[in-house]
S.K.: 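This is the structure I want to talk about, given as structure tokens.
In what follows, chains are A, B, ... by sequence order, proteins preceding strands, each numbered from 1.
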Amino acid sequence: MGSNNFYVSCERVFQPTLSGKPVVVLSNNDGCVIARSEEAKAFGIPMGLPAFQLADLLQDQPIEVYSSNYTLYGDMSARVMMTMAQWTPDVEVYSIDEAFLKLSALPPEGLSVYGQTMRTTIQQWTGIPVSIGLGPTKTLAKLANRLAKRSAEAGGVVALTATSEVEAALAQTPIEHLWGIGPGYTRRLKAHAITTALQLRDANDRWIRQLLGVVGQRIVWELRGISCLPLERCPPPKHSLMMSRSFGRPITTLTEMREAVATYMTRAAEKLRRHHVAARVVTVFLTTNRFRDEPQYTKSATMPLPVATQDTAELIRYALQGIAQIFREGYRYKKAGVMVTELVPAHQIQAHLFDQHDRERSRRLMAAIDAINTQWGSGTVRYAAVGVQPRWRMRCVRRSPRYTTRWEEPAVVRCAP
DNA sequence: TCTGGGGTCCTAGGACCC
DNA sequence: TCTGGGGTCCTAGGACCC
């Protein structure tokens with residue numbers, strides 16, 4: 001299952017007048033276009049277009065522009081995923097708008113009809129249009145899904161089951177549209193005159209292994225219908241976790257940089273606790289704006305912690321140490337971030353002998369802070385290091401209301417007289 | 001004025017060990 | 001005239017994904 005322009009669809013569920021109109025959704029910081037309705041694509045708006053170029057491109061076009069509203073999209077995604085879980089417990093949530101389902105119990109002839117039912121139900125229950133691709137491996141299912149999105153007569157569902165259908169689909173698919181084939185692999189393959197998915201499927205094993213490694217080998221086998229990428233029902237525990245943002249305006253002082261890093265570390269620590277993991281290593285980084293013709297500087301600092309932790313105050317201390325090490329005066333910084341790595345399950349934190357921290361007290365304090373912030377809104381209780389009213393905070397001037405997750409921002413239904 | 005954020009996996013090469 | 005062989009671990013960098 002996959003969705004087309006998922007973010008635009010989410011906006012349209014609560015703003016039905018948007019349907020049929022060109023709509024785009026911008027990335028964090030209102031930086032660039034990350035979702036386009038079909039109408040917007042028809043205007044020639046490319047993915048990743050910087051937002052400030054939209055104005056030039058669309059002088060008089062009536063285009064609807066939205067900042068991204070991840071709270072809303074995340075909640076809508078959960079509804080779609082929950083709907084699918086009723087057909088099979090074997091669901092892998094692959095991304096915010098994609099999932100793999102294992103339907104091995106069904107006879108191949110019945111798959112298309114089944115797919116249609118799923119599609120209609122998801123549309124009715126959540127308002128989100130999706131397309132469904134069926135195939136014997138993940139790679140072929142992804143390809144089927146792509147065809148389902150693009151072909152009008154498919155009705156949103158394509159099953160690649162019969163050998164002849166698979167061959168026809170592979171013959172008409174350029175390699176760069178396959179899942180797992182990016183620009184680098186495309187270049188290597190094209191250098192050897194391999195341009196279609198069918199040619200790739202029929203390539204020699206040892207040769208492919210040499211050219212693209214085991215990763216490429218797996219793709220080839222998947223194209224042959226041999227599954228190499230198993231369904232992962234529960235996501236494996238994370239190894240690392242990152243929190244970074246571009247600034248609404250450049251930062252030039254260490255004071256502001258410290259606030260930004262403390263803010264990001266606070267969010268990262270919240271994520272750690274939500275995932276029940278603790279970090280053994282903290283990395284901070286900062287960077288200037290690579291698009292500007294001015295002095296550039298990018299640097300990171302990595303700090304190992306004596307004991308794995310999920311305590312916000314402790315993590316902020318290390319992050320600030322790191323940023324002090326790498327901050328240099330005289331640059332206009334565009335972005336900074338924190339990364340926590342070597343994550344371990346929170347219940348198996350190995351304290352060492354001379355650990356001066358009262359870990360139990362810290363755990364209770366963090367639980368209390370999280371509870372307050374969940375109930376009263378993020379940032380109700382926070383550390384002084386994050387500052388007040390930062391001038392660098394990111395822009396999002398066109399965000400829609402968080403209809404489904406905030407009592408103060410509900411959807412309003414107007415009835416025609 | 002202005003160009004996103006967050007991940008995973010694999011490989012090659014170096015250090016080090018016996 | 002001649003310099004072992006094999007193993008593990010770590011890191012950096014590159015590839016990919018959405």
S.K.: Reckon A:N28 touches a base, only the sugar-phosphate, or nothing at all at heavy-atom distances under 4.0 Å?
M.R.: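 Sugar-phosphate only.
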
S.K.: Should the pair A:W392 and A:Y264 be assigned to parallel (<30°), tilted (30 to 60°) or perpendicular (>60°) ring geometry?
M.R.: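 Rings of A:W392 and A:Y264: perpendicular, as their planes differ by over 60°.
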
S.K.: Rounded to the nearest 0.5 Å, how far does CE of A:M303 lie from CD of A:Q321?
M.R.: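 Going from the CD atom of A:Q321 to the CE atom of A:M303 covers 7.0 Å.
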
S.K.: For atom CH2 of A:W207, is the number of surrounding heavy atoms from other residues, nucleotides or ligands below 6.0 Å larger than 12?
M.R.: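 More than 12 within 6.0 Å, yes.
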
S.K.: Could you check whether atom CZ of A:R224 has more than 12 heavy atoms from other residues, nucleotides or ligands sitting under 6.0 Å from it?
M.R.: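 Yes, because the 6.0 Å sphere around CZ of A:R224 holds more than 12 heavy atoms from other groups.
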
S.K.: Could you tell me how far apart A:M47 (CE) and B:dT3 (P) are, to the nearest whole angstrom?
M.R.: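 Between P of B:dT3 and CE of A:M47: 18 Å.
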
S.K.: Just wondering, do A:S227 and A:E222 contact through their side chains at under 4.5 Å, heavy atoms?
M.R.: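 In contact.
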
S.K.: Can you tell me the distance, in whole Å, between the CZ atom of A:R290 and the P atom of B:dT3?
M.R.: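 It works out to 10 Å between those atoms.
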
S.K.: Find the distance A:I219:CD1 to B:dT8:P and express it as a whole number of Å.
M.R.: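 Answer to the nearest Å: 19 Å.
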
S.K.: Listed in order of residue number, which residues of residues 223-244 of chain A have a non-hydrogen atom at under 4.0 Å from DNA chain B?
M.R.: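 Contacts with DNA chain B under 4.0 Å: A:K238, A:H239, A:S240, A:L241, A:M242, A:M243, A:S244.
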
S.K.: Base, sugar-phosphate or nothing for A:E98? Non-hydrogen atoms, less than 4.0 Å.
M.R.: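 Here A:E98 touches the backbone only, sparing every base.
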
S.K.: Taking atom C1' of B:dC2 as reference, at what distance in whole Å does atom CZ of A:F247 sit?
M.R.: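 After rounding, the gap between these two atoms is 16 Å.
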
S.K.: Can you tell me how far apart NZ (A:K299) and CD (A:Q325) are? Round to the nearest 0.5 Å.
M.R.: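 CD of A:Q325 is found 9.5 Å from NZ of A:K299.
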
S.K.: Within the structure shown, what part of the strands sits under 4.0 Å from A:I181 by heavy-atom distance: base, sugar-phosphate, or nothing?
M.R.: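 A:I181: backbone/sugar contact only, no base atoms under 4.0 Å.
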
S.K.: Rounded to the nearest 0.5 Å, what's the gap from CZ on A:R188 to CD on A:Q210? Could you check?
M.R.: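 Result: 12.0 Å between the selected atoms.
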
S.K.: How long is the line joining NE2 of A:H177 and P of C:dC18, in whole Å?
M.R.: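 It works out to 12 Å between those atoms.
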
S.K.: Say you draw a straight line from NZ of A:K334 to OG1 of A:T288; how long is it, rounded to the nearest 0.5 Å?
M.R.: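 Taking NZ in A:K334 and OG1 in A:T288, the distance rounds to 11.0 Å.
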
S.K.: Rounding to an integer number of Å, can you tell me how far A:Y94 OH sits from C:dC18 P?
M.R.: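 To the nearest whole Å, that distance equals 5 Å.
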
S.K.: In terms of the nearest nucleotide of DNA chain B, which residue is placed more toward the 5' end: A:R218 or A:G31?
M.R.: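 On the 5' side of the pair lies A:G31.
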
S.K.: So for atom CZ, which belongs to A:R395, do other residues, nucleotides or ligands contribute more than 12 heavy atoms lying within a distance under 6.0 Å?
M.R.: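 Correct, the count exceeds 12.
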
S.K.: Roughly how far apart, to the nearest Å, are B:dG4 and C:dC17 at atom C1'?
M.R.: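 Their C1' atoms lie roughly 15 Å apart.
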
S.K.: Using 30° and 60° as the class limits, which term best fits the ring planes of A:Y7 and A:Y73: parallel, tilted or perpendicular?
M.R.: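 Rings of A:Y7 and A:Y73: parallel, under 30°.
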
S.K.: Angle class for the A:F14/A:Y403 ring planes (parallel below 30°, perpendicular above 60°, tilted otherwise)?
M.R.: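 Because their plane-to-plane angle is under 30°, the rings of A:F14 and A:Y403 count as parallel.
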
S.K.: Scan residues 185-217 of chain A against DNA chain C and write down, sorted by residue number, each residue with any heavy atom closer than 4.0 Å; if none is found, say none.
M.R.: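 Within this stretch, A:Y185, A:R188 sit under 4.0 Å of the strand.
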
S.K.: How far apart are the C-alpha atoms of A:R218 and A:L229, what are their side-chain angles, what is the distance that settles it, and do they pass the side-chain contact (heavy atoms from CB on, under 4.5 Å) test?
M.R.: CA-CA 8 Å; A:R218 281 200 282 253; A:L229 306 165; 4.2 Å; yes

S.K.: Using a 4.0 Å heavy-atom cut-off, does A:R245 contact any base of the nucleic acid, only the sugar-phosphate backbone, or nothing at all?
M.R.: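 Result for A:R245 = sugar-phosphate.
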
S.K.: State, to 0.1 Å, how close A:L147 and A:V158 come at their nearest heavy-atom pair, and which atoms those are.
M.R.: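 Looks like C-CG2, 4.0 Å.
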
S.K.: Return the value, rounded to whole Å, for the distance between atom CG of A:N289 and atom C1' of B:dT1.
M.R.: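 After rounding, the reported distance stands at 11 Å.
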
S.K.: So which protein N/O to nucleotides 9-11 of chain C N/O distances come out below 3.5 Å?
M.R.:
none

S.K.: So, does A:K334 get its side chain near the phosphate of B:dG5, meaning an N or O under 4.0 Å from OP1 or OP2?
M.R.: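 No, no such contact exists.
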
S.K.: Counting side-chain heavy atoms from CB outward, which of B:dC2, B:dG6, B:dT3 is closest to A:P50?
M.R.: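 The closest nucleotide is B:dT3.
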
S.K.: Please indicate whether A:R402 has more than 12 foreign heavy atoms, meaning atoms of other residues, nucleotides or ligands, lying under 6.0 Å from its CZ.
M.R.: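 Yes, because the 6.0 Å sphere around CZ of A:R402 holds more than 12 heavy atoms from other groups.
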
S.K.: To the nearest angstrom, how far is A:L26 atom CG from B:dT3 atom C1'?
M.R.: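 To the nearest whole Å, that distance equals 11 Å.
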
S.K.: Residues of residues 70-82 of chain A with any non-hydrogen atom less than 4.0 angstrom from an atom of DNA chain B: list those, numerically ordered, please.
M.R.: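 Hits under 4.0 Å, by residue number: none.
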
S.K.: Anything under 30° is parallel, anything over 60° is perpendicular, the rest tilted; go ahead and classify A:W179 against A:F100.
M.R.: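 Rings of A:W179 and A:F100: tilted, as their planes differ by 30° to 60°.
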
S.K.: Can you confirm whether A:R245 sits close enough to A:N28 that some side-chain heavy atom of one is under 4.5 Å from a side-chain heavy atom of the other?
M.R.: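 Side-chain contact under 4.5 Å: yes.
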
S.K.: Taking salt bridge (charged side-chain N to carboxylate O under 4.0 Å, His left out) as the test, write out the residues that go with A:R393, two or more places apart.
M.R.: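 Salt bridge (charged side-chain N to carboxylate O under 4.0 Å, His left out) list for A:R393, sorted by chain: empty.
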
S.K.: Using a 3.5 Å cut-off on both pairing distances, which stems of three or more Watson-Crick or G-U pairs include DNA chain B?
M.R.: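 If one scans DNA chain B for consecutive Watson-Crick or G-U pairs, the stems found are B:5-18 with C:5-18.
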
